[in-house]
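Along the sequence shown, residues carry numbers from 1.
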Amino acid sequence: MTKDNKGINYTNGDEHDDIIGAMAGFLDNGRPKVGIFWYDIIENSLFGIEKTDADKAIFVNGNATVGKLHKTYWQKQHHRAVQKNDVNSIFYNEHNYTMIPRGRIFLNKNDEKFYVYVGHWLTEGLNGHIVDVTKLREVIADEFNLPDDFEFVIDYHWDIGHGWSEELL
């Protein structure tokens with residue numbers, strides 16, 4: 001690295017190559033991912049996504065997923081939106097992370113299949129809006145690079161209004 005007379009640093013060719021090489025690791029490698037998401041039923045889109053390569057995830061009780069809770073992610077995003085006074089952000093306007101459809105993707109070690117855990121909103125909809133399950137499958141498969149045989153699992157933990165405050169920790 002060299003510094004000019006204004007105190008600005010510049011990389012040389014080798015340093016540039018090292019930095020670009022390090023950043024290449026952030027490219028989507030096409031491998032299946034596990035993680036968390038929220039779902040916008042109206043827009044048929046995911047947001048608040050945290051994911052990691054399934055083969056790098058930690059297995060707990062035979063299931064691998066990303067090491068982040070919806071609750072923790074939402075709290076951090078809410079505080080950021082408040083600090084920025086981003087009144088248009090859903091994170092600013094909604095204090096309760098459980099009031100938005102959400103899900104978690106697991107890889108099961110025993111059968112090596114991916115399972116997407118969601119609430120009853122998958123089949124019951126929300127506020128008069130019905131989920132197009134086929135489109136949601138496509139969005140999730142695309143975002144997380146999942147194989148076509150992944151399965152949805154409905155569990156009350158991911159129901160609207162349910163979360164860690166109702167669970168025994």
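Applying the 6.0 Å contact sphere to NZ of K76 captures no more than 12 heavy atoms from other residues, nucleotides or ligands.
The two residues L136 and L46 have their closest heavy-atom pair at CD1-CD2, 4.2 Å. For the pair A141 and F150, the tightest heavy-atom approach, listed with the atom from each and the gap, is CB-CE2, 3.9 Å. Scanning both residues, F152 and V133, for their nearest heavy atoms gives CE1-CG1, 3.9 Å. Between D40 and F47, the shortest heavy-atom distance links the atoms N-CE2, 4.2 Å.
Hydrophobic clustering keeps I130 apart from I42 (ILVMFWY residues linked when any side-chain heavy atoms are closer than 4.5 Å, directly or through intermediates). Taken together through direct or relayed side-chain contacts under 4.5 Å among Ile, Leu, Val, Met, Phe, Trp and Tyr, V131 and I36 form parts of separate hydrophobic clusters. The hydrophobic clustering, which links ILVMFWY residues whose side-chain heavy atoms are closer than 4.5 Å, places F91 and Y97 together. There is a path of hydrophobic side-chain contacts, each under 4.5 Å, that joins L107 to I140. One hydrophobic cluster, built from ILVMFWY side chains closer than 4.5 Å, holds both F59 and V34.
Here H120 contributes atom NE2 and D155 contributes atom CG; the two are 8.5 Å apart, rounded to the nearest 0.5 Å. For the atom pair NE2 of H79 and NZ of K84, the computed distance is 14.5 Å after rounding to the nearest 0.5 Å. Here the OG1-CG distance, from T65 to N108, works out to 12.0 Å after rounding to the nearest 0.5 Å. Annotation: the span from K33 atom NZ to E50 atom CD amounts to 13.0 Å, rounded to 0.5 Å.
In summary, the side chains of N44 and Y39 do present a donor paired with an acceptor at a separation below 3.5 Å, with no hydrogens or angles considered.
For the salt bridge (charged side-chain N to carboxylate O under 4.0 Å, His left out) test, no residue two or more places apart in sequence or in another chain qualifies with E112.
Counting only heavy atoms from C-beta outward, the side chains of N12 and E15 approach each other to under 4.5 Å. Between W158 and L122 the shortest side-chain heavy-atom distance does not fall below 4.5 Å. In this structure, Q77 and R80 have side chains that are in contact, with non-hydrogen atoms separated by less than 4.5 Å. Side-chain contact between F37 and V118 is present, with at least one heavy-atom pair separated by less than 4.5 Å. By the 4.5 Å heavy-atom criterion applied to side chains, I49 and F144 are counted as neighbours. Between R31 and N145, every side-chain heavy-atom pair lies at or beyond the 4.5 Å cut-off. At least one side-chain heavy atom of I154 sits less than 4.5 Å from a side-chain heavy atom of T123. A heavy-atom distance below 4.5 Å is found between the side chains of P101 and I160.
Aromatic ring centroids of W74 and W38 lie under 6.0 Å apart. Between F106 and Y117, a ring centre-to-centre spacing shorter than 6.0 Å is recorded.
Ionic pairing of E143 and K51 is present here: one or more N-O contacts between side-chain nitrogen and carboxylate oxygen are shorter than 4.0 angstrom.
A donor-acceptor contact shorter than 3.5 Å is absent between the side chain of H70 and the backbone of T98. Checked by atom type and distance alone, the side chain of D53 never pairs as donor or acceptor with a backbone atom of D55 at under 3.5 Å. Side-chain atoms of N93 come within 3.5 Å of backbone N or O of S89 as a donor-acceptor pair. Of the possible donor and acceptor atoms, none in the side chain of H129 sits under 3.5 Å from a partner among the backbone N and O of I41. The main-chain N or O of H162 is never found under 3.5 Å from a side-chain atom of D159 such that the two would form a donor-acceptor pair. With T52 contributing its side chain and V66 its backbone, the two residues share no donor-acceptor pair below 3.5 Å. Distance alone, capped at 3.5 Å, is enough to place a donor-acceptor pair between the E94 side chain and the N96 backbone.
Applying the 4.5 Å side-chain rule to ILVMFWY residues, one finds I58 in the same cluster as V60.
For K68 and Y73, the positive end is not near the middle of the six-membered ring at less than 6.0 Å and at most 45° from its axis.
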